[in-house]
Amino acid sequence: MMAADGGSTVMIEKEFPKTEKRKTKYDVIIIGAGPAGYTAGIYCSRARYDTLILSGVLPGGQLVNTTEVENYPGFENGIMGPDLMITMRKQAERMGTTIIDDEVIDVDFRHKPFKILTASEEYECKAVIIATGASPRKLGIVGEQTFGGRGVSYCATCDGPFFRNQEIVVIGGGDSAIEEATFLTKFGSKVHIIHRKDTLRASKVMQERALSNPKIQMHWNSVVSDIQGDQKVQNVILSDIKSGQKTTLPAGALFVAIGHEPNTKIFVDRVELDEQGYIKLQDHTKTSITGVFAAGDVHDHRYRQAITAAGFGCMAAIDVDRYLTETKS
Ligand code: NDP
């Protein structure tokens, strides 16, 4: 199901039916549509709350950019990430959740009802669940932006097929980097993993798979210091962090897989965030604002799994139910 042509985002847009806007006042508004958001939608709607999910620009969250998910319980033979998200979305809709593919640009949590703003609409609700997830971290070097879409990518499943028979560079030492590198061996003539340490953070099973792959070459204690090319990426400059020695690696693509940052820009000064920008929680899923809850990668930088995000979505919905029941009486 995950397109061999890699166009996962495009595919999702086609498969997700747009839901008509019916009204602007809801009991619960869930911001974000990854495993946390959809699960919260399922639970809130099942508890008979009038529930809206504002899904943002990438319905399905990070899993729409994943290939096979082997560790989500209930799927004996694994399931493709986009399929899992489409199924969750349909389940939420079947329970009665309204889903609108619109991006939230601001929130007003100072008074009740809370106000949620998109470019085209102002919504009101009694309770909010923030489930906006996290986005790929940027490298922050010169050339990263210049060559964005011209060889620099953050999604192997989306862009890998563009680099058939070329040498490909992947940066990072976690599960994402190792998974992406392994996937990219389907297309590239060779895949170089650049890691700033001499050990990987990735799980043992994924390490073994990658390190035994003859198409993968490891470059330990190295960072990418420059990206060169004319119109597209042609060379990646590596610096050995111990010796400082620079090496030119001819490559057509550079995949950055160095972790994620929480999607909390619109919540700055609206709810309390920690020093890394993740939403701070107290008493399970409660944020610093009474009536506003959070679930998933937007607060959780420890587990960051689809299953834990879904679990947090369930918890937030149950907390919303308790809150709305208490405030009614
Ligand atoms: P991680 O935070 O686990 O790893 C990030 C990697 O990038 C680390 O090796 C880190 O190096 C490196 N890094 C960070 N910043 C920089 C930088 N500026 N320059 C160079 N390297 C840098 O992120 P992942 O996205 O890999 O994984 C996130 C979570 O998702 C994990 O819990 C992981 O297990 C999970 N996951 C699971 C998958 C699966 O089970 N199929 C697939 C993908 C992810 P250092 O080690 O030195 O800190």
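These numbers come from a predicted model, not from an experiment. In this chain, residues are counted from 1 in sequence order. Each ligand, and each atom within it, is numbered from 1 in the order the structure gives. All values below were derived from every heavy atom in this structure, side-chain atoms included, with hydrogens, water molecules and symmetry-related copies excluded.
- Using cut-offs of 30° and 60° on the angle between ring planes, the pair Phe163 and Phe255 is perpendicular.
- In this structure the side chain of Phe114 never reaches within 4.5 angstrom of the side chain of Val107, judged on heavy atoms.
- For the side chain to side chain donor-acceptor pair (under 3.5 Å) criterion with His219, the lone passing option out of His195, Arg196, His192 is His192.
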Within the protein, flag every N or O under 3.5 Å from an N or O of ligand 1, and note the pair and distance.
| unit_1 | atom_1 | unit_2 | atom_2 | d |
| --- | --- | --- | --- | --- |
| ligand 1 | 2 (O) | Arg304 | NH2 | 3.2 |
| ligand 1 | 9 (O) | Gly173 | N | 3.0 |
| ligand 1 | 9 (O) | Gly174 | N | 3.3 |
| ligand 1 | 11 (O) | Arg196 | NE | 3.2 |
| ligand 1 | 11 (O) | Arg196 | NH2 | 3.4 |
| ligand 1 | 25 (O) | Ser176 | OG | 2.6 |
| ligand 1 | 26 (O) | Asp175 | N | 3.3 |
| ligand 1 | 26 (O) | Ser176 | N | 2.9 |
| ligand 1 | 26 (O) | Ser176 | OG | 3.2 |
| ligand 1 | 34 (O) | Asp175 | OD2 | 2.5 |
| ligand 1 | 40 (O) | Asn71 | ND2 | 3.4 |
| ligand 1 | 41 (N) | Glu179 | OE2 | 3.1 |
| ligand 1 | 46 (O) | Arg201 | NE | 3.3 |
| ligand 1 | 47 (O) | Arg196 | NE | 2.9 |
| ligand 1 | 47 (O) | Lys197 | NZ | 2.9 |
| ligand 1 | 48 (O) | Arg196 | NH2 | 3.2 |
| ligand 1 | 48 (O) | Arg201 | NH2 | 2.4 |

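- Between His299 and Tyr278, the ring center distance fails the sub-6.0 Å criterion.
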For residues 201-211, run the donor-acceptor check on the side chains, cut-off 3.5 Å, and write out each pair with its distance to 0.1 Å, sequence neighbours left out.
| unit_1 | atom_1 | unit_2 | atom_2 | d |
| --- | --- | --- | --- | --- |
| Ser203 | OG | Asp175 | OD1 | 3.2 |
| Gln207 | NE2 | Leu200 | O | 3.4 |
| Gln207 | NE2 | Ala202 | O | 2.8 |

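- The aromatic rings of Tyr72 and Phe75 sit tilted relative to each other, their planes meeting at an angle between 30° and 60°.
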